[in-house]
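When a residue number appears, it is its place in the shown sequence, counting from 1.
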Amino acid sequence: MKADEDDAAAVRRCLAGETAEFEPLVGRYERVLFRVAVRMLGNTEDARDATQTAFVKAFEQLHRYNPAFRFFSWIYRILSNECLNQRRSRRPQVEVDEGLQAPGTPFEALEAEERRRRVQAALLELAPAYREVV
């Protein structure tokens with residue numbers, strides 16, 4: 001619970017005008033939120049955009065944060081809404097083959113790419129609510 005107390009204190013200081021206090025919150029949650037976004041969107045570039053947008057929206061709406069709840073839960077909801085919005089507005093795209101510069105033998109690269117595709121396809125078959133959990 002120390003992290004929750006630290007988060008609440010950082011938010012209070014940020015709202016008091018010390019905007020640099022938002023930086024530790026970004027550092028603490030950036031990686032985990034990015035991983036969630038990758039699983040929800042299936043694309044690292046879209047996930048980076050969604051994660052960044054979630055932090056910007058959180059900063060802009062920090063006055064709406066209720067310290068009675070965990071900061072992580074609040075920003076997680078912002079991120080998941082952003083991911084859902086991106087998925088709704090997404091146009092069909094042709095995926096560029098990332099396996100062209102894979103390290104190792106061509107067989108290992110092909111095998112790794114196939115495994116990645118199967119896992120990603122399985123994740124995308126889940127309902128959005130279940131995908132959020134994973």
Side-chain angles (χ1 to χ4, degrees):
M1 293 301 164
K2 174 113 171 73
D4 294 338
E5 293 169 9
D6 292 346
D7 292 350
V11 169
R12 278 193 305 276
R13 288 190 300 271
C14 196
L15 289 172
E18 298 176 43
T19 56
E21 290 299 318
F22 194 73
E23 193 172 329
L25 297 171
V26 173
R28 185 173 299 132
Y29 299 117
E30 183 176 28
R31 290 180 70 184
V32 67
L33 292 176
F34 172 73
R35 287 192 303 260
V36 167
V38 167
R39 284 180 174 73
M40 287 184 74
L41 297 171
N43 178 302
T44 57
E45 290 303 314
D46 290 344
R48 280 189 193 104
D49 291 343
T51 304
Q52 183 175 7
T53 301
F55 278 111
V56 169
K57 286 181 177 182
F59 182 78
E60 290 172 344
Q61 299 298 317
L62 205 54
H63 63 281
R64 293 186 175 187
Y65 167 68
N66 182 350
F69 300 99
R70 295 181 62 209
F71 179 80
F72 176 76
S73 300
W74 182 69
I75 197 163
Y76 181 91
R77 177 49 51 197
I78 293 171
L79 174 75
S80 40
N81 288 339
E82 182 60 30
C83 290
L84 293 173
N85 290 339
Q86 277 195 23
R87 283 186 39 219
R88 278 187 214 111
S89 67
R90 188 185 282 172
R91 295 183 198 156
Q93 297 178 353
V94 176
E95 193 171 306
V96 177
D97 183 13
E98 295 176 354
L100 293 176
Q101 297 180 355
T105 67
F107 177 76
E108 291 170 338
L110 179 63
E111 189 176 55
E113 178 62 22
E114 179 64 23
R115 185 173 37 254
R116 185 196 66 77
R117 248 184 304 143
R118 284 183 179 177
V119 168
Q120 195 60 41
L123 285 172
L124 292 175
E125 286 181 12
L126 293 174
Y130 293 114
R131 194 175 316 151
E132 250 184 83
V133 173
V134 173

Would you call the rings of Phe55 and Phe22 parallel, tilted or perpendicular, where under 30° means parallel and over 60° means perpendicular? perpendicular

Heavy-atom closest contact (Pro24 atom, Ala20 atom, distance): CD-O, 3.5 Å

Salt-bridge contact Glu60-Lys57 (side-chain N to carboxylate O under 4.0 Å): no

Just how far is it from atom SG of Cys83 to atom CD1 of Ile78, taken to the nearest 0.5 Å? 12.0 Å

Give a yes or no on whether the backbone of Trp74 and the side-chain of Tyr65 come within a donor-acceptor separation of less than 3.5 Å. no

Give the minimum heavy-atom separation between Val38 and Gln120, together with the two atoms involved. O-NE2, 4.1 Å

Examine Leu126 and Leu124 and state if one hydrophobic cluster contains both, with Ile, Leu, Val, Met, Phe, Trp and Tyr joined whenever side-chain heavy atoms are less than 4.5 Å apart. no

same_hphob_cluster(Tyr76, Met40) at 4.5 Å side-chain heavy-atom cutoff: yes

Please tell me whether Gln61 and Arg64 have a donor and an acceptor in their side chains that are separated by less than 3.5 angstrom. yes

Kindly compute the distance separating CD (Glu23) from SG (Cys14), expressed to the nearest 0.5 Å. 11.0 Å

Check for a donor-acceptor pair, side chain of Asn43 on one end and backbone N or O of Asp46 on the other, with a separation under 3.5 Å. yes

Heavy atoms only: give me the nearest Phe71-Val11 pair and the separation to one decimal. CD1-CG2, 3.8 Å

Look at atom CD of Glu21 and say whether more than 12 heavy atoms of other residues, nucleotides or ligands are closer to it than 6.0 Å. yes

Using the rule that two of Ile, Leu, Val, Met, Phe, Trp, Tyr join whenever any of their side-chain heavy atoms come within less than 4.5 Å, decide whether Phe69 and Leu62 are in one cluster. no

Leu79 side, atom CG; Leu84 side, atom CG - distance, nearest 0.5 Å: 9.5 Å

Spacing of Gln52 atom CD and Glu82 atom CD [to the nearest 0.5 Å]: 10.5 Å

Kindly compute the distance separating CD (Glu114) from CZ (Arg117), expressed to the nearest 0.5 Å. 4.5 Å

Indicate, with yes or no, if Leu15 and Phe72 share a hydrophobic cluster defined by side-chain heavy-atom contacts under 4.5 Å among Ile, Leu, Val, Met, Phe, Trp and Tyr. yes

CG on Leu41 to CZ on Arg48, rounded to 0.5 Å: 12.5 Å

Do you reckon Val32 sits in the same ILVMFWY cluster as Ile75, going by side-chain contacts under 4.5 Å, direct or chained? yes

